[in-house]
There are 2 protein chains.
Amino acid sequence: MAALKYSRQRESIKEFLMTRTDHPTADTVYENMKSIYPNISLGTVYRNLSLLSDLGEIKKLASFGGADRFDGRVEPHCHFMCTECGCVIDLETEDMQDIMKRAGEHFNGIITDCSARFFGMCEDCMKKEKN
Amino acid sequence: MAALKYSRQRESIKEFLMTRTDHPTADTVYENMKSIYPNISLGTVYRNLSLLSDLGEIKKLASFGGADRFDGRVEPHCHFMCTECGCVIDLETEDMQDIMKRAGEHFNGIITDCSARFFGMCEDCMKKEKN
DNA sequence: GTGATTGCAAATGTTTTGCAGGTTG
DNA sequence: CAACCTGCAAAACATTTGCAATCAC
């Protein structure tokens, strides 16, 4: 069992994700980290994102079509992706526990987690559409 | 606008997906197609899966962690993935339209599609756990 | 015959991994 | 100093694409 040791890089990656609400990809994290650690490698970014995700300190949003995205917000919540511009937005939805409970009613296994994604067109793209 | 032409390969791929309920990956489809068309290429499988998905004749289940999976069942329904064995099972859940409607209540864009995934342990893995 | 489809192979994009050196506790 | 972590580069995957030959209409 690997004991965890402090790393500036990991700390910065987590802090960075906390400030963002747009669910950046590993590459975006990497680009932003470079301004603090010019020599940081993409491998380190991936390793830390994966580690933080395993620890439950961040959430990995498995493929919305392209590269995986990462979310500093860990409470269960839903996501919306605009099929026009590709942006990913948090949705304030009803209690996820409730959805999970109802989904498991006709199922013989155990449901412990849930990820709901909605697709459509975001507010900004709808405005552009009108022009 | 490309006019669609018949292809045996595409037909077989669709038929194959209709017979399966385990949401195979492109590679699994490819392996199975090889018994009918020994020279079929993986590229052809990907091209046809993508085409069928665009036509709405099959559903692409974007990354459950590894490779994308494909589903011959197109009515809206939820999926469960076992974090132990990786199997993906259909879930009979409440009306998806209803979930979409409620998710959009505090949202200014338009929601047109939804994909809900549940995670946990499947019945088979629970039995093995007990031993 | 025209244009869509195919097999093949090479290219692309994303993520993981081996290794030698540096850092943490 | 032992174990973890890093940067770098190569490898591993999944998927897409260019091309010349083939097939459907």
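Every chain is numbered from 1, with letters handed out A, B, ... down the list of sequences. Values in this document were obtained by computation on a predicted structure and should not be read as measured data.
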Q) Which whole-number value in Å describes the distance from B/Met33 CE to C/dT5 C1'? A) 16 Å
Q | Under the side-chain contact (heavy atoms from CB on, under 4.5 Å) test, residues paired with A/Lys60 that sit two or more places apart | A | A/Ser53, A/Asp68, A/Phe70
Q) Distance from B/Arg20 atom CZ to B/Asp71 atom CG, nearest 0.5 Å? A) 12.0 Å
**Q.** Phosphate contact (D/dT15 OP1 or OP2) by B/Tyr46 side-chain N/O below 4.0 Å
**A.** yes
Q.
Is it the case that C/dA4 (base atoms only) and B/Lys5 (side chain only) share a donor and an acceptor within less than 3.5 Å, ignoring hydrogens and angles?
A. no
**Q.** Nucleotide C/dT16, atom P - distance to OH of A/Tyr30 in whole Å
**A.** 16 Å
Q: Output all residues satisfying ring-ring contact (aromatic ring centres under 6.0 Å, His included) with B/Phe80, sequence neighbours left out; order by chain, then residue number.
A: A/Phe107
Q: Provide, to the nearest angstrom, the distance between the CG atom belonging to A/Asp68 and the P atom belonging to C/dT14.
A: 10 Å
Q. Got a sec, which residues hit ring-ring contact (aromatic ring centres under 6.0 Å, His included) with B/His79, two or more places apart in sequence or on another chain?
A. B/His23, B/His77
**Q.** Within-4.5 Å side-chain heavy-atom neighbours: B/Leu4 and B/Leu55
**A.** yes
Q: Answer yes or no on whether B/Arg8 is positioned over the face of B/Tyr37, meaning its NZ or CZ is under 6.0 Å from the six-membered ring centre and within 45° of the axis.
A: no
Q. Is it true that a side-chain atom of A/Thr83 and a backbone atom of A/Gly120 form a donor plus acceptor pair closer than 3.5 Å?
A. yes
**Q.** Taking every non-hydrogen atom, the tightest pair across B/Ala62 and B/Arg117
**A.** O-NH2, 2.9 Å
Q: May I ask you to list the residues of residues 14-28 of chain B, by number, that have any heavy atom positioned under 4.0 Å from an atom of DNA chain C?
A: none
Q. What is the distance, rounded to the nearest whole Å, between atom CD of A/Glu11 and atom C1' of C/dT24?
A. 14 Å
Q. Could you give the angle between the helix axes at the two ends of the helix from C/dG1-D/dC25 to C/dG25-D/dC1, with five pairs per end, rounded to 10 degrees?
A. 40°
Q.
Counting only side-chain nitrogens and oxygens, does A/Tyr6 get under 4.0 Å of the OP1 or OP2 atom of C/dT24?
A. no
Q) With a 4.5 Å limit on heavy-atom distance, are the side chains of B/Glu31 and B/Thr28 in contact? A) no
Q | Sub-4.5 Å side-chain heavy-atom contact between A/Leu91 and B/Ile111 | A | yes
Q. Rounded to the Å, how far apart are A/Phe64 CZ and D/dA14 P?
A. 21 Å
Q: Would you check if the side chain of B/Arg73 reaches a backbone N or O of B/Lys59 as a donor-acceptor pair within less than 3.5 Å?
A: no
Kindly give the atom pairs (protein nitrogen or oxygen, nucleotide nitrogen or oxygen) under 3.5 Å for nucleotides 6-11 of chain D.
from, atom 1, to, atom 2, distance (Å)
D/dT6, OP1, A/Ser7, OG, 2.6
D/dT6, OP1, A/Asn48, ND2, 3.3
D/dT6, OP2, A/Asn48, ND2, 3.4
D/dT6, O3', A/Gln9, NE2, 3.1
D/dG7, OP1, A/Ile40, N, 3.4
D/dG7, OP2, A/Ser41, N, 3.2
D/dG7, OP2, A/Thr44, OG1, 2.6
D/dG7, O5', A/Asn39, O, 3.4
D/dG7, N7, A/Arg47, NH2, 3.2
D/dG7, O6, A/Arg47, NH2, 3.1
D/dC8, OP2, A/Asn39, O, 3.1

